[in-house]
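Note that the coordinates shown come from a computational prediction; the quantities given were computed from them, not determined experimentally.
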Amino acid sequence: MTSKSMLEVVAFEALVPSEDGYGNHVSSYEQRFEERAHFKYLRGGERVIAARLEGVQPVVVTIWRTPDTEAIQTSWRMKDLQTGTIYAIRAKIPTDDRLYFELTCESGNING
């Protein structure tokens, strides 16, 4: 992976609890930082095909390992700043060389 292949720009948003002014607790997403990324859309396999039939597109997103990206949690979400697509972050795994993180993400119905 080279920085030349990091063609996407994504933002990471954390779920932040707050109050609505009426004593109710609500949560909303707040952008934490932006990062360059590489997308690899998953195409085959029974689970991938089943997810796509449900309107969910699985993708593996590679990002540089930095102090910012160390903080990413699966309760966060990712937004593709070029397309506006929102992704749920399902898993974060360091690569063997420890230079990158590979995020398993899903677009579509991200509430599940």
Side-chain angles (χ1 to χ4, degrees):
M1 182 73 51
T2 65
S3 58
K4 290 182 182 180
S5 62
M6 299 279 202
L7 301 177
E8 310 294 330
V9 180
V10 295
F12 291 94
E13 301 174 342
L15 191 59
V16 179
S18 60
E19 291 190 22
D20 66 359
Y22 298 100
N24 299 312
H25 295 281
V26 295
S27 296
S28 60
Y29 284 95
E30 179 179 285
Q31 184 172 321
R32 294 299 169 104
F33 58 92
E34 295 178 11
E35 191 70 39
R36 308 270 323 163
H38 172 76
F39 282 38
K40 181 180 180 185
Y41 292 93
L42 303 179
R43 304 208 188 279
E46 190 173 316
R47 294 186 80 202
V48 172
I49 292 169
R52 289 172 68 190
L53 289 172
E54 293 177 12
V56 176
Q57 173 61 60
V59 63
V60 175
V61 179
T62 304
I63 56 173
W64 285 101
R65 189 174 187 167
T66 67
D68 282 339
T69 60
E70 289 280 350
I72 295 170
Q73 300 176 16
T74 55
S75 62
W76 291 23
R77 68 183 188 181
M78 183 184 74
K79 181 177 183 179
D80 183 335
L81 295 179
Q82 294 167 325
T83 65
T85 304
I86 303 291
Y87 295 87
I89 300 169
R90 300 297 184 205
K92 178 178 85 170
I93 302 168
T95 58
D96 290 340
D97 61 11
R98 314 291 265 171
L99 294 176
Y100 305 94
F101 281 117
E102 290 183 338
L103 306 175
T104 303
C105 302
E106 294 178 344
S107 67
N109 181 13
I110 64 171
N111 296 324

Can you tell me how far [atom2] of [Y] sits from [atom1] of [X], rounded to the nearest 0.5 angstrom?
{"X": "Ile93", "Y": "Thr62", "atom1": "CD1", "atom2": "OG1", "result": "11.0 Å"}
{"X": "Gln31", "Y": "Trp76", "atom1": "CD", "atom2": "CH2", "result": "10.5 Å"}
{"X": "Arg77", "Y": "Ile86", "atom1": "CZ", "atom2": "CD1", "result": "4.5 Å"}
{"X": "Glu35", "Y": "Leu103", "atom1": "CD", "atom2": "CG", "result": "10.0 Å"}
{"X": "Glu34", "Y": "Phe12", "atom1": "CD", "atom2": "CZ", "result": "10.5 Å"}
{"X": "Ile63", "Y": "Arg36", "atom1": "CD1", "atom2": "CZ", "result": "13.0 Å"}

Are any of the side-chain heavy atoms of Asp68 and Arg32 separated by less than 4.5 Å?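 Answer no - side chains too far apart.
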Given side chains that start at C-beta, do those of Glu102 and Thr95 come closer than 4.5 Å, heavy atoms only?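 Yes. Closest side-chain heavy atoms under 4.5 Å.
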Any donor-acceptor pair under 3.5 Å from Thr69 side chain to Trp64 backbone: yes
Output yes when a side-chain donor or acceptor of His38 lies under 3.5 Å from a complementary backbone atom of Ser5, and no otherwise. yes
Where [X] and [Y] come nearest, the two heavy atoms and their spacing:
{"X": "Leu15", "Y": "Ser75", "answer": "CB-O, 4.1 Å"}
{"X": "Glu19", "Y": "Gly23", "answer": "OE1-CA, 4.3 Å"}
{"X": "Glu13", "Y": "Lys79", "answer": "OE2-CD, 4.0 Å"}
{"X": "Val61", "Y": "Ala37", "answer": "CG1-CB, 3.6 Å"}
{"X": "Tyr87", "Y": "Cys105", "answer": "CB-CB, 3.9 Å"}
{"X": "Glu30", "Y": "Val16", "answer": "CB-CG2, 3.7 Å"}

Indicate, with yes or no, if [Y] and [X] share a hydrophobic cluster defined by side-chain heavy-atom contacts under 4.5 Å among Ile, Leu, Val, Met, Phe, Trp and Tyr.
{"X": "Ile89", "Y": "Phe39", "value": "yes"}
{"X": "Tyr41", "Y": "Phe101", "value": "yes"}
{"X": "Tyr29", "Y": "Val10", "value": "no"}

Look at Arg90 together with Glu106 and state whether they make a salt bridge at an N to O cut-off of under 4.0 Å. yes
Is the number of heavy atoms from other residues, nucleotides or ligands under 6.0 Å of Asp20 CG greater than 12?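 Result for CG/Asp20: enclosed.
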Evaluate Asp80 against Glu8 for side chain to side chain contact (heavy atoms under 4.5 Å, CB included), listing each step before the verdict. CA-CA 7 Å; Asp80 183 335; Glu8 310 294 330; 3.7 Å; yes
